[in-house]
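Everything below concerns the one structure shown next.
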Amino acid sequence: MADFNNFWEDVKAGIKSLAESNFIEIKDKVIAAGNEFLFQSEDDIKLWTVQLADEQIDKDEFEWLIKSKSTTAKLMLLKQKGIAKAQADKITGGILDLIISSSFKCFL
Amino acid sequence: MGKIFYKRFALLTFIIITGCSTSAIFNQKAYELDVNIKVDALSLMDKADENYINYSGEADKLKINIEKAYQYAKGLPGNDETISQWEIIKNPEENSIISFLNMWKAKDKLNRSFIENAKNEISKQFDQVIELESGKRK
């Protein structure tokens, strides 16, 4: 597993380097997002590197799996955004319902 | 005079609340479409260690059902995030079910370990669509 640890450190260093060279103004956010992505994906990627080394999966399949993590992350972000909107509407609705019922009680 | 005014005020407020809601409402049919597509997709993926040609009909059917779910989602108000999710899943450049089917078609057969890994990932992807639908206002 020493090989995986070296590989993982290389990936982390690569994210830092990418952030510093291409996203200088938001580099801290990019590094944080990259590390979060790595943290969430580590177990799967560790398994896939073993399977690649054992030729249980080929290079194309390994690449496909790694990139699928990005697709999953995009879908997850959209879910979080949609649910946050629904919760905001629910809170707003609750407050306004309260205003209406209080209005009826006080003024009618 | 006072009562009529406040009734109108309350009615107007209610209309504004409803009109200002930006999020979609839970839709049972959309939820069922999502779940059925997930089950069909994973079931079809499970056969990807066999020749693609034997399952090309099922693959085409699955693509049509995904398109139906997308078109249905497009018809629902305030449904931007779900629409975007389907656009990602439909996109052959994204690594989701369509690109999996394209890879299967190109290689004719895929490795079992890859299939299991890909099923796990695509299952998570469909869960994002299903969980968003079930998280909408009811």
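Proteins get letters first, then strands, A, B, ... in listed order; numbering begins at 1 in each. All values reported here derive from a predicted model rather than from experimental measurement.
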Heavy-atom neighbours of [X] [atom1] exceed 12 at 6.0 Å:
X        : atom1 : result
B/Lys47  : NZ    : yes
B/Tyr70  : OH    : yes
A/Lys67  : NZ    : no
B/Lys138 : NZ    : yes
A/Ile24  : CD1   : yes
A/Asp43  : CG    : no
B/Lys63  : NZ    : yes

Are any side-chain N or O atoms of B/Asn95 and backbone N or O atoms of A/Trp64, one a donor and one an acceptor, separated by less than 3.5 Å? yes

In terms of side-chain geometry, is the basic nitrogen of [X] or [Y] positioned less than 4.0 Å from the acidic oxygen of its partner?
X       : Y        : result
A/Lys79 : B/Asp127 : no
A/Lys81 : B/Asp80  : no
B/Glu94 : A/Lys74  : yes

In terms of heavy-atom pairs under 4.5 Å with chain A, which of B/Asn120, B/Ile88, B/Asn117 leads? B/Asn117

Can a donor-acceptor pair be found between the side chains of A/Thr72 and B/Glu121 at a distance below 3.5 Å? yes

Just checking, any donor-acceptor pair under 3.5 angstrom between side chains of A/Gln56 and B/Asn111?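 Distance-only check fails for A/Gln56 and B/Asn111.
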
What part of [X] gets closer than 4.5 Å to chain B, counting heavy atoms only: side chain, backbone, both or neither?
X       : result
A/Leu47 : side chain
A/Glu55 : neither
A/Asp44 : side chain

Toward chain A, the part of [X] with a non-hydrogen atom under 4.5 Å:
X        : result
B/Phe100 : both
B/Asn91  : neither
B/Ser99  : both
B/Ile25  : neither

[atom1]/[X] to [atom2]/[Y] distance, rounded to the nearest 0.5 angstrom?
X        : Y        : atom1 : atom2 : answer
A/Glu61  : B/Ser113 : CD    : OG    : 8.5 Å
B/Ile97  : A/Ser68  : CD1   : OG    : 11.5 Å
B/Arg112 : A/Gln51  : CZ    : CD    : 12.0 Å
A/Leu78  : B/Glu87  : CG    : CD    : 9.5 Å
B/Met103 : A/Glu63  : CE    : CD    : 8.5 Å
A/Leu75  : B/Trp86  : CG    : CH2   : 9.5 Å

According to a hydrophobic-cluster definition based on side-chain heavy atoms being under 4.5 Å apart (Ile, Leu, Val, Met, Phe, Trp, Tyr only), do [X] and [Y] belong together?
X        : Y       : answer
B/Met45  : A/Trp48 : yes
A/Val11  : A/Leu65 : yes
B/Val129 : B/Leu62 : yes
B/Ile130 : B/Ile66 : no
B/Val35  : B/Leu42 : no

Which atom pair, heavy atoms only, marks the closest approach of [X] to [Y]?
X        : Y        : value
B/Gly135 : A/Ala86  : O-CB, 3.7 Å
A/Thr71  : B/Ser96  : CG2-CB, 4.2 Å
A/Ile57  : B/Phe114 : CG2-N, 3.5 Å

Should A/Gln80 and B/Gln128 count as side-chain neighbours, where that means a heavy-atom distance under 4.5 Å? no

Is any side-chain heavy atom of A/Ile83 less than 4.5 Å from a side-chain heavy atom of B/Glu81?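 No; the side chains remain at least 4.5 Å from each other.
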
